[in-house]
Amino acid sequence: MGQASRTTTLLLDLGKRTQGGANSEKRAALAATVEVLNAARAFYIDFFLAHADKLSEQVTYYSQEHLEWREGLISANALLTWAESATVATAAHPSPWTGWNFTQAFPGMPFAYRRSVIKDAIGKVRSYLSNRANWERSGKQQGKPGWPAATDHPTLYQGCISLDLETLNLQDAFVRLNVYTGEDWRWLHYPVSSSRYLMQRLGEADWKRRSPTLVLRPHAAELHIPQVRRIEASKVIERKQDPDLVTVAVDLNVRNLAVMTVRQCGIIVETVFVTDHGLDAHRYRHLKRIAKKQWLSGRPVKGEHSNRQLWWHVDRQNSDAAHKVARIIANVCASYPGSILLFERLRKIKAGKGSKSRRMNRRRANQLRGKINEHARDKAYLSQVVTVEVNAHGTSQYCSRCGALGERFSYRGGQRIVEKWGKLFACPQCHYESHADFNASVNVHHSFYREGHWRPRQAKAPPKPPVEDRT
């Protein structure tokens, strides 16, 4: 049993008023709302840092799951109630603590916004205190955690937004937001860019909507609406005992973005190659232009961003390729219900030697592998497919048939040339030859089942104690 999540983006129309967009006052109200919420979040960050002992307080609570009294860390809801009682003037506690009068500093702020910034401040301060404690225990001089920042995208709880799916289905769709105009809080209507696809995505019955987030950009504003769905999937350890289990292994590379092999009952039943369609060469040309421009302009100036359009283009290319490859992987997994998706555990890949543009290109290619892994994991989980990362040691160096150490080679001009990054693989023991990426993908299955080279090592027997000579 698990939970899948996704985010649906609803774009606010901030174009010209004559073209159906919001007027300038409404656009300014969004910026003022974000600014005042950041100031309120900074207020509560300072408050919790001044009372850091409260966040580590141990309390006794009754566990409904275990049906017994237990002791644990104070919850975020209890901290929220305590913070409101200390900083907000109400009939029950009309006098807030000295120096922490939130009602006087932010008059008229809706309680939903106040509680959202308190929850954000609790998470930020707890994360900061935890990272600082880990840094102090490590004894390192560098890497000291920075002070928690107050800027964040506002979360619109119930009472801050009015979102009706029936009105969004119209051509002239609006959403009501409770925003700060600079003087008071007021409900305003904002036009949105809706579509049939968006309505279908938001109206799916098995996806539950959560509180949206307002993302304000320099020339646009968006509502990010998170959706969650319950997924039933058994544990990997239990499914591994099934002799008919289907595993889908993926080998990620640069030119062949993904090589998938499907194994069932010890036999490879399907193989899928996903090429980059020239992405690596196209990205290298752009990064080469960027490196040349940076060399001509000299040392970069702090605060200035150069080649932003080229960088955005490269990022969009990588993101688009990652989503497309992840969708292909998820479709293959969906055709085998109950399968397990296997990836190599690639966490320490670094760009090697070479020119600046070549190093950047390989670094971008390695980042693309991580994006494919992340997106494929999320998309496959919707089909109740669990993802497992296996040991990647030797998947490209050992033979997938006999397990012997082989070699990589390529054909150039009709001659066989042995090289480290050759496209083909050859085994000197069983004389097996295949595509190197296909051989590595098959070895991912062996690593998952602990076969061949990937069998766990036997623990060494302790040495026998010396025998005393009593002669």
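By the salt bridge (charged side-chain N to carboxylate O under 4.0 Å, His left out) test, Asp320 pairs with Lys324, sequence neighbours left out. Take Arg114 and apply the salt bridge (charged side-chain N to carboxylate O under 4.0 Å, His left out) test, not counting sequence neighbours, and it matches Glu84. Annotation: side-chain contact (heavy atoms from CB on, under 4.5 Å) contacts of Leu405 (sequence neighbours excluded): Gln397, Tyr398. Qualifying side-chain hydrogen bond (donor to acceptor under 3.5 Å, both in side chains) partners for His453, counting only residues two or more places apart in sequence or in other chains: His393. A search for salt bridge (charged side-chain N to carboxylate O under 4.0 Å, His left out) contacts involving Arg255 returns Asp280, not counting sequence neighbours. A search for side-chain contact (heavy atoms from CB on, under 4.5 Å) contacts involving Ser5 returns Val228, not counting sequence neighbours. Remark: Tyr128 engages Trp147 in a ring-ring contact (aromatic ring centres under 6.0 Å, His included) (not counting sequence neighbours). Take Ala40 and apply the side-chain contact (heavy atoms from CB on, under 4.5 Å) test, not counting sequence neighbours, and it matches Phe102, Phe106, Met109, Val117. A search for side-chain hydrogen bond (donor to acceptor under 3.5 Å, both in side chains) contacts involving Lys119 returns Asn77, not counting sequence neighbours. In this structure Gln227 satisfies the side-chain contact (heavy atoms from CB on, under 4.5 Å) test together with Arg6, Thr8, Arg201, Leu202, Trp207, Arg209, sequence neighbours excluded. Under the salt bridge (charged side-chain N to carboxylate O under 4.0 Å, His left out) criterion, Glu389 pairs with Arg347, Arg377, sequence neighbours left out.
Sorted by first then second residue, the ring pair (Phe, Tyr, Trp, His ring centres under 6.0 Å) pairs that include residues 183-206, not counting sequence neighbours, are Tyr113-Trp185, Tyr180-Trp185.
With respect to the salt-bridge test (charged N to carboxylate O, under 4.0 angstrom), the residues Arg408 and Glu419 do not qualify. Between Asp242 and Lys240 there is no salt bridge, since no side-chain nitrogen of the basic residue lies less than 4.0 Å from a carboxylate oxygen of the acidic one.
With Val246 as the fixed residue, the side chain to side chain contact (heavy atoms under 4.5 Å, CB included) test singles out one of Glu270, Arg239, Arg263, Gln264: Gln264.
Contact check for Leu12 versus Leu177: side-chain heavy atoms found under the 4.5 Å cut-off.
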